[in-house]
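Worksheet for the structure shown next.
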Amino acid sequence: MGRHGWNSGAGRWRLTALLGVGAAALALVVALLNALPGGASTEGNTRDGARVHGTSAAPRHADEPSVGWGFTHTQFSADQGSPAAVDRVKGLLGKDGSLPQNQAIMGWGADNPEPVEGRYDFAALDRRIDFMRSSGATPVITLCCAPDWMKGGRAGVDSTDWSQSALETAPTPDHYADYAALAATVAERYPDVRHFIVWNEFKGFWNDGASRWDYEGYTKLYNLVYRALKRVDPQIMVGGPYLVMDSLDPRQKDNASTALRGDWGALDQRVLDAFAYWNAHKAGADFVVVDGSSYTKDDDLLPDEFAATEKFTAVGRWVRQQTHGLPLWWAEYYVEPADGNDDRKGWTEQRRVAVQAAGMIAMAEGGATTGFYWNPEEEKGADCPGCLWTPTDGADGGRALPMYGLVSRFGRSFPPGTRYETVAVAPDDVPDVRVLASGKTVLVVNTRNRPVSAQIDGRRFELKAYEVKWLDR
């Protein structure tokens, strides 16, 4: 979806120049070795993609269907940059309880993993997995997207189409089994990765003719991948369908759900139909994955930016009911609409963090036990709204930003298995604050752009405008 802030990384693809200029015979031999019939280059590829990479770690939540609150790596992240800055981020992550980290197998910082059938290039994905291991993460892999030859494109390391439209194309049905085989290869290569999400936002699965999601196609792909991963290791945990829980203006009639709605809007019934089909026909699932924003498809925050987050609670409760209590993951969640350039720069960081905190509270209240924040880093520069840390391109980079403080503290304070408690809030203060509490911690968010005085859990204290406050119990 465009809300991600797309960056294909096409500039990272360059063919390695052949050596031996002037030695025609040697050049011919090299060319023959590095090409298959039809001209598909295999330069730099290997046949042994399933060979275990590096030293497997022992992830914290390896055998649990929930991994907690962490982030997804995007195009630029802390696996590259100045060694001092990279180490600084690793130190942050290690100190803060090993936040779970998610990475796609193609795109968002990862190269084409199988440019030619049976020939693999995992160098970029290896680097991301190495970073996860060295920073103590519970690693998660999203099985998206697909090599070109699986979706009607050309094979070869120099033939990958990194445009958004190409990358968001699903495998053709005759290659679903090939994609499942690739998923199994990834699982064999990284045996310490025990959690896999199948595909991303139904990309490429829209049925134009019927004006609905091709949930039959997605579910067929999901089931093949699910079974392939379980054959590698029955203990691997698999989840889907990673649908975007789009909502519409509550006054809209077309495609609006009558069952799942609130002041924040109405769910798009076509999404719920797709979810219902997957849920009824899936081969199995160890957790359920959704994605969404608190605002409507028209970018409306209803009735306001804080109250709109109640959508996360409503959706979470509905999903949990439909799946009979499967652990709920939010693969992505958004509370601030993007502008025409898909940037989110219109709010102050104080407001951004406060609304984000309210959104995370709403997800937890809806039963979520895992969530991944999207947007850890920019490539360079000081202006990085919503980023987790400063860019790692320079030795002074990799320093925590306010959003990192929220995500990491939330992850430490409310891990999987947390028993939430109700705390007393003075009646006059209820409209001004959002609160989430466990037996040890209370998180309080001031929803007003002005100071307020609030009495919570038997204590009265002052809150600055949009302040996020943590209380020990």
Side-chain angles (χ1 to χ4, degrees), residues 65-70 100 245 247 257 259-267 275 287-295 301-336 352-373 406-427 429-448 454 456-457 463 466-471 473:
S66 298
V67 298
W69 302 86
M245 307 304 281
S247 53
S257 169
L260 187 49
R261 57 172 48 240
D263 292 340
W264 43 266
L267 252 289
F275 187 94
F287 51 90
V288 59
V289 186
V290 295
D291 164 5
S293 59
S294 57
Y295 43 87
L301 290 158
L302 303 173
D304 58 54
E305 70 269 40
F306 287 97
T309 64
E310 294 175 8
K311 170 185 172 179
F312 295 135
T313 302
V315 169
R317 289 173 177 168
W318 181 88
V319 169
R320 294 265 293 163
Q321 182 181 46
Q322 304 305 308
T323 60
H324 304 292
L326 275 180
L328 172 61
W329 292 24
W330 284 86
E332 303 172 44
Y333 49 92
Y334 303 90
V335 298
E336 179 182 4
R352 181 175 294 112
V353 171
V355 184
Q356 184 74 24
M360 296 178 80
I361 289 172
M363 284 185 282
E365 290 179 336
T369 50
T370 296
F372 292 99
Y373 182 74
L406 170 65
V407 173
S408 60
R409 182 71 182 268
F410 198 97
R412 291 197 313 272
S413 299
F414 306 119
T418 296
R419 295 177 63 88
Y420 295 104
E421 299 184 0
T422 301
V423 297
V425 179
D429 299 328
V430 170
D432 297 334
V433 297
R434 294 288 183 275
V435 179
L436 185 67
S438 68
K440 297 180 179 179
T441 305
V442 181
L443 167 60
V444 182
V445 181
N446 179 7
T447 67
R448 306 300 186 189
I456 298 170
D457 202 24
L463 291 164
Y466 293 138
E467 183 176 0
V468 174
K469 193 175 189 67
W470 296 87
L471 306 174
R473 302 185 76 187

Counting distance only, does the side-chain N/O of [X] pair as donor-acceptor with the main-chain N or O of [Y] below 3.5 Å?
X    : Y    : value
K311 : L302 : no
T370 : G68  : yes
R320 : L326 : yes
T313 : A362 : yes

Is the closest side-chain heavy-atom distance between [X] and [Y] below 4.5 Å?
X    : Y    : answer
W318 : L267 : no
D263 : E310 : no
T309 : Y333 : no
V315 : W330 : yes
V288 : Q322 : no
F306 : V335 : no
W69  : M363 : yes
D457 : L471 : no

(Q) Once rounded to the nearest 0.5 Å, what's the spacing between atom CZ of F312 and atom OG of S294? (A) 4.5 Å
Q) Quick one: OH on Y373 to OG on S408, what's the gap to the nearest 0.5 Å? A) 12.5 Å
Q | Minimal non-hydrogen separation, Y295 against S247, with atom names | A | O-OG, 3.6 Å
Q.
Would you call the rings of F287 and W329 parallel, tilted or perpendicular, taking 30° and 60° as the class edges?
A. parallel
Q | Derivation and outcome, side chain to side chain contact (heavy atoms under 4.5 Å, CB included), residues L443 and M360 | A | CA-CA 11 Å; L443 167 60; M360 296 178 80; over 6 Å; no
Q. Excluding sequence neighbours, so at least two apart, what forms side-chain contact (heavy atoms from CB on, under 4.5 Å) with R352?
A. E336, W347, E349, P385, M403
(Q) Restricting to side-chain contact (heavy atoms from CB on, under 4.5 Å), what partner residues turn up for D432, sequence neighbours left out? (A) R448, R450, V452
**Q.** side chain to side chain contact (heavy atoms under 4.5 Å, CB included) between V468 and R409, intermediate numbers included
**A.** CA-CA 11 Å; V468 174; R409 182 71 182 268; over 6 Å; no
Q: Not counting sequence neighbours, which residues clear side chain to side chain donor-acceptor pair (under 3.5 Å) with T441? List them please.
A: none
